[in-house]
Amino acid sequence: MSRRRMKRRAFNPVTLAFLDVMSCGFGAVVLLFLILDHSASLQATEGDPLIQAEVSLLEEEVLAGREGLVQIRNTIADVSLEVVTAEGLIDRVQQQIEDFMQQLAELEGSSAGREEDITRMRVEIAALEEELLRLQESALEREGNNAREFLGEGDRQYLSGLYLGGNRIMILVDNSASMLDETLVNIIRTRNLPDDRKIQSPKWKRVVRSVDWISSQLPITSRYQIYSFNEEPRPILAGSENQWLEVADREQLDGIIGTVEQLVPENGTNLAALFQAIAQFPQLPDNIFLITDGLPTLGLGRNSGSVVSPSDRLELYQDAVEQLPEGIPVNIILMPLEGDPSAAAAYWQLSQYTQGSFMTPSRDWP
């Protein structure tokens, strides 16, 4: 019996080692917890008072900025309403001037017209013209020099160096077939597509945006005319040949830009006929914008066959320049075109000779 008790009380070293390991591990965890510094977590939770003050200040500035933005939007809405009212008064005064001019012509042509009536009507016309000028100046002060709004990609402003002033401004848009693309191969491919596909070509859309941008920079008190040209020049507004249009008539200007968007580039380029048409204006322009991509392929009585060499194009260009009236600044916007290396130098010389400007815009302009 005593031997059996001795065996039960025998020592097991494996059991002792496992308990020692567990006890040491738990003790090590407790020791690490006591040693580690917990002040950093408390500081992060509490936060720096200076940072909190800066955050509060920035939040107040954001709130004040939002309030200011609302005030600016309200001011813009009020100014827009006043500009629309002024434009309506301008139309009314212009109509009154036309009516008085017609009555004055009738009185002057009639033997029964009395001198005092004619004098009174002339005084009224002069007063209306002064009122018209005042309204135009008021619209200019409230809206700025730009006749229309134009926003490029990212609302960027563009430094082009173009002189955008003048009393009679003419915009000339080349809508020949070469305006479909930059390379000859793609021009041939694109000109066989339907018209709705042609007007969506990237190069032509850049031309339309250029016209839109120039029209948005016109002084509101000036007059303008927009011509397209390929084989023959023609005004964008049908029936307005040799006439100057009012920039203040925004509705008419918007409609003309919409017509430009629907033009289909086709046929060759006759620059001489275009400059001849300009010379026929009773009042010549005092500023010209010419949007093209190369030298002409057609001329006055010197039209070649289907193939026009670079030297032929240069001769056609020189003949065309002789048709241009002197003393008019010509601003050139030259679009890229493959196979016409002389165009840049020729048009640059024209811009320098006429005291205009020359630019070859990037693909994202305007």
Side-chain angles (χ1 to χ4, degrees), residues 145-148 150 152 158-176 179 203-230 233-237 240 242-247 252-254 256-257 259-261 263 265 269-271 273-279 281 283-296 317 320-321 323-337 343-344 346-362 365-366:
N145 290 329
N146 296 349
R148 301 169 62 249
F150 181 91
Y158 297 90
L159 302 177
S160 61
L162 296 175
Y163 170 64
L164 297 165
N167 295 319
R168 296 178 300 278
I169 304 171
M170 175 162 278
I171 304 174
L172 309 174
V173 188
D174 185 352
N175 70 318
S176 60
M179 287 301 216
K203 181 178 177 180
W204 178 246
K205 293 179 71 174
R206 287 174 57 197
V207 173
V208 174
R209 289 199 305 269
S210 300
V211 177
D212 193 5
W213 180 82
I214 295 173
S215 69
S216 69
Q217 309 300 313
L218 298 177
I220 198 170
T221 57
S222 63
R223 294 183 292 172
Y224 73 99
Q225 180 59 267
I226 304 179
Y227 266 56
S228 65
F229 67 97
N230 42 36
R234 61 187 64 84
I236 300 298
L237 181 62
S240 64
N242 301 336
Q243 299 178 17
W244 294 106
L245 309 175
E246 295 291 338
V247 176
Q252 184 184 68
L253 182 54
D254 290 338
I256 291 175
I257 299 302
T259 304
V260 174
E261 294 176 353
L263 289 177
T269 308
N270 192 334
L271 196 62
L274 174 68
F275 288 164
Q276 265 193 349
I278 294 174
F281 272 71
Q283 291 181 307
L284 293 177
D286 53 16
N287 201 10
I288 292 177
F289 293 91
L290 174 61
I291 305 175
T292 185
D293 63 348
L295 299 177
Y317 165 78
V321 171
Q323 305 296 324
L324 180 67
E326 295 184 357
I328 305 175
V330 181
N331 303 279
I332 310 294
I333 300 178
L334 186 64
M335 296 294 174
L337 177 63
Y347 284 117
W348 178 82
Q349 290 177 352
L350 177 62
S351 65
Q352 295 298 306
Y353 175 75
T354 61
Q355 304 298 314
S357 57
F358 173 85
M359 66 176 295
T360 54
S362 61
W365 186 90

Output yes when a side-chain donor or acceptor of [X] lies under 3.5 Å from a complementary backbone atom of [Y], and no otherwise.
X: Asn331; Y: Ser357; value: yes
X: Tyr347; Y: Gly294; value: yes
X: Asp286; Y: Arg168; value: yes
X: Thr354; Y: Val330; value: yes

In Å, rounded to the nearest 0.5 Å, how long is the span from [atom1] of [X] to [atom2] of [Y]?
X: Ile171; Y: Gln225; atom1: CD1; atom2: CD; result: 9.5 Å
X: Ile169; Y: Gln217; atom1: CD1; atom2: CD; result: 10.5 Å
X: Ile333; Y: Ile214; atom1: CD1; atom2: CD1; result: 3.5 Å
X: Gln323; Y: Leu274; atom1: CD; atom2: CG; result: 11.0 Å

Heavy atoms only: give me the nearest [X]-[Y] pair and the separation to one decimal.
X: Ile257; Y: Ser215; value: CD1-OG, 3.6 Å
X: Pro336; Y: Asp293; value: O-CB, 4.3 Å
X: Pro296; Y: Thr269; value: CB-O, 3.4 Å
X: Ala277; Y: Pro233; value: CB-CG, 4.0 Å
X: Ala346; Y: Leu295; value: CB-CD2, 4.0 Å
X: Phe275; Y: Leu172; value: CE2-CD1, 4.5 Å

Are the side chains of [Y] and [X] in contact, using a 4.5 Å heavy-atom criterion?
X: Ser210; Y: Met335; result: yes
X: Leu324; Y: Leu350; result: yes
X: Leu245; Y: Ile256; result: yes
X: Leu290; Y: Phe229; result: yes
X: Asn230; Y: Met179; result: no
X: Ile236; Y: Leu263; result: yes
X: Trp348; Y: Ile332; result: no

Gln243: which residues meet the side chain to side chain contact (heavy atoms under 4.5 Å, CB included) condition with it, sequence neighbours left out?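 With neighbours one apart ignored, the set is Ser240.
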Contacts of Ala344 that satisfy side chain to side chain contact (heavy atoms under 4.5 Å, CB included) - sequence neighbours left out: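 Ala344 satisfies side chain to side chain contact (heavy atoms under 4.5 Å, CB included) with Leu334, Phe358 only.
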Students often mix this up, so state it plainly: with edges at 30° and 60°, are the rings of Trp244 and Phe281 parallel, tilted or perpendicular? tilted
